[in-house]
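Step one of this worksheet: look at the structure below.
All values derive from a computational prediction rather than experimental measurement. Throughout, a chain's letter reflects where its sequence line sits, starting with A, and its residues are numbered from 1.
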Amino acid sequence: MFLFELIAAALISIIAGIDRTAGPQIMLSRPLVAAPLTGLVLGNGMIGLEVGVLLELIWLAWVPAGASIPPDDTQIAVGATFLSVVFTEYWKADPTAMAVFAVLISCPLGRIGVFFDRLARGYNDRGNSRLLRSVKNGVLEEVEGVHLLGLLYFGLSSVLSFLVIVLAGTVILLNFYPLVEKLLLMGSNFLKTAFPLIGAATIIGTIRLGHTVTLFLVSFMSTLLLLWYF
Amino acid sequence: MNDTGRLPASILFRTMCRCLLLQASWNFGRLQNIGFLFAMAPALRWLYQDDDLEMAFARHLEKFNTHPYMAGPILGVSLELEEKRRAGEEDLVDVENFKTMTMAPYGAMGDAFFWGGMRPLAAVIALFFALYGSLLAPLVFVLVFNVPHFWCRLVWFWKGYRQGLGMVRTIQGWGFPDLAIRIKETTVILLGGMCAYLVFLLTGEEGMPMVYGLLAAPLICAGVFMVRKGCSSLALLISVALMVFLSVGL
């Protein structure tokens with residue numbers, strides 16, 4: 001069962017990972033899309049939705065312009081959902097507490113995604129050099145092959161990041177979850193709220209319109225007062 | 001090549017489909033150059049032969065980098081300019097200059113509009129569905145985001161091909177930078193509403209006095225201040241988690 005779930009999640013990690021840069025970028029790679037999708041395939045869509053909500057805003061403001069490579073929140077989302085689904089069942093744990101813990105351990109692990117992404121782009125560099133030589137020599141049939149090979153590199157980089165998150169996450173969850181379960185149960189409700197709020201702060205911090213904070217505060221206060229009143 | 005010298009619809013369709021994979025071979029050396037040539041290749045093979053084809057391939061292998069969604073109109077206009085070059089007609093600028101002149105401004109416009117505007121907006125709208133517990137949230141995200149996305153990529157590709165250099169004026173007419181600012185303002189307002197709803201839910205679930213919810217505002221502002229001072233999201237996340245664990249543990 002574990003192997004089937006691992007293969008299914010790995011396939012989603014490849015599809016979402018390709019969509020992140022190399023594919024059409026239809027946003028299958030966003031945590032709020034990739035995590036529920038993984039959850040649904042593994043039989044627990046709601047836990048995926050929870051992971052998606054926790055992660056969606058954290059790195060959303062990071063613009064992937066030029067050669068800048070944002071942290072791989074796609075593989076963090078898929079990996080954290082996989083870990084949450086599997087270990088909620090294994091430890092008979094509270095799903096929210098498990099989702100929070102899985103996200104907390106996956107986020108630092110997800111930094112490895114940037115390394116694999118750079119590696120894929122490095123392999124594409126080699127393809128580019130080869131193609132330049134071929135075209136110079138009048139060989140024009142290699143374009144499609146070199147280009148589509150890039151999809152394979154990005155797919156491999158995605159699944160490698162996913163596997164690192166899952167393997168390291170499994171070791172951590174097997175050994176440490178019982179030790180922190182009590183703290184998680186007490187704190188998960190606060191963290192479930194805190195994660196999107198941190199994401200919101202990141203987005204507001206990045207949008208520099210001159211009156212961003214004022215707009216946010218007016219909206220926040222008026223909504224809160226309306227919710228209390230009604 | 002047919003009598004009119006215009007590219008057949010099948011080639012245009014293939015180019016349009018191929019432009020969806022523009023970044024598959026993204027590389028540090030020349031960025032999206034192979035992707036651009038990959039999209040142009042069927043048209044170039046149809047228009048040129050032998051040495052001319054070799055030269056066409058070489059000129060589209062030059063460095064190219066723009067926002068992936070804004071590559072559609074650039075590709076469309078490039079096809080039209082290549083057709084004119086094949087027919088021996090001259091335009092105000094040639095295809096190499098057109099690409100060089102447009103890729104950076106279109107890239108900046110695309111980054112501000114799509115990554116800085118539309119993506120956060122679609123995410124916040126979808127998050128409202130997610131907070132309500134609806135599994136439709138991913139679908140909402142994809143739909144809200146992809147309507148303008150495919151409009152730019154596909155419709156503007158066709159328009160670029162039909163209008164040629166006139167496409168520059170069409171895009172200018174859309175006022176992308178102003179539109180991006182309006183979308184960002186809307187996103188900030190929605191974010192305020194979403195944060196308030198989250199805080200409202202928390203105070204309700206934890207049985208806290210409602211007035212505690214107001215404390216979230218200065219905390220979020222402190223987060224904004226730290227982000228503007230260069231603090232990373234991950235550092236914020238871990239610090240907040242440690243603080244929560246410490247406070248519930250004591």
When heavy-atom pairs shorter than 4.5 Å are enumerated against chain B, which of [options] gives the highest number?
{"options": "A/Pro108, A/Pro64, A/Ser129, A/Pro196", "result": "A/Pro64"}
{"options": "A/Val218, A/Val139, A/Leu57, A/Thr21", "result": "A/Thr21"}
{"options": "A/Arg111, A/Lys182, A/Arg118, A/Glu50", "result": "A/Arg118"}
{"options": "A/Pro31, A/Pro71, A/Gly199, A/Gly150", "result": "A/Gly150"}
{"options": "A/Leu184, A/Val143, A/Ile203", "result": "A/Val143"}
{"options": "A/Leu132, A/Leu149, A/Leu148", "result": "A/Leu132"}

Given a strict heavy-atom distance threshold of 4.5 Å, which part of [X] is in contact with chain A: side chain, backbone, both, or neither?
{"X": "B/Phe150", "answer": "side chain"}
{"X": "B/Glu185", "answer": "both"}
{"X": "B/Ser134", "answer": "backbone"}
{"X": "B/Tyr69", "answer": "side chain"}
{"X": "B/Asp51", "answer": "neither"}

Mind ranking B/Arg45, B/Lys229, B/Met226 by heavy-atom pairs under 4.5 Å with chain A and telling me who comes out on top? B/Arg45
Contact winner vs chain A - B/Leu236, B/Asn65, B/Leu127, heavy-atom pairs under 4.5 Å: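 If we count pairs closer than 4.5 Å to chain A, B/Leu127 comes out on top.
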Shortest non-hydrogen contact from [X] toward [Y]:
{"X": "B/Leu135", "Y": "A/Met46", "answer": "CG-SD, 4.0 Å"}
{"X": "B/Ala24", "Y": "A/Asn124", "answer": "O-ND2, 3.5 Å"}
{"X": "A/Phe154", "Y": "B/Gln23", "answer": "CE1-O, 3.9 Å"}
{"X": "A/Leu183", "Y": "B/Gly249", "answer": "CD2-CA, 3.7 Å"}
{"X": "B/Phe28", "Y": "A/Ile69", "answer": "CZ-CD1, 4.4 Å"}
{"X": "A/Gln25", "Y": "B/Pro68", "answer": "OE1-CG, 3.0 Å"}

Which residues in residues 13-20 of chain B have a heavy atom less than 4.5 Å from any heavy atom of chain A?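 Expected list: B/Arg18, B/Leu20.
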Heavy-atom distance under 4.5 Å between the side chains of B/Phe57 and A/Leu131, does that happen here?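 A side-chain contact is absent here, since even the closest heavy-atom pair is not under 4.5 Å.
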Passing candidate, side chain to side chain contact (heavy atoms under 4.5 Å, CB included) with A/Leu140, options B/Leu53, B/Leu37, B/Leu44: B/Leu53
Can you list every ring-ring contact (aromatic ring centres under 6.0 Å, His included) pair that touches residues 123-142 of chain B, not counting sequence neighbours? none
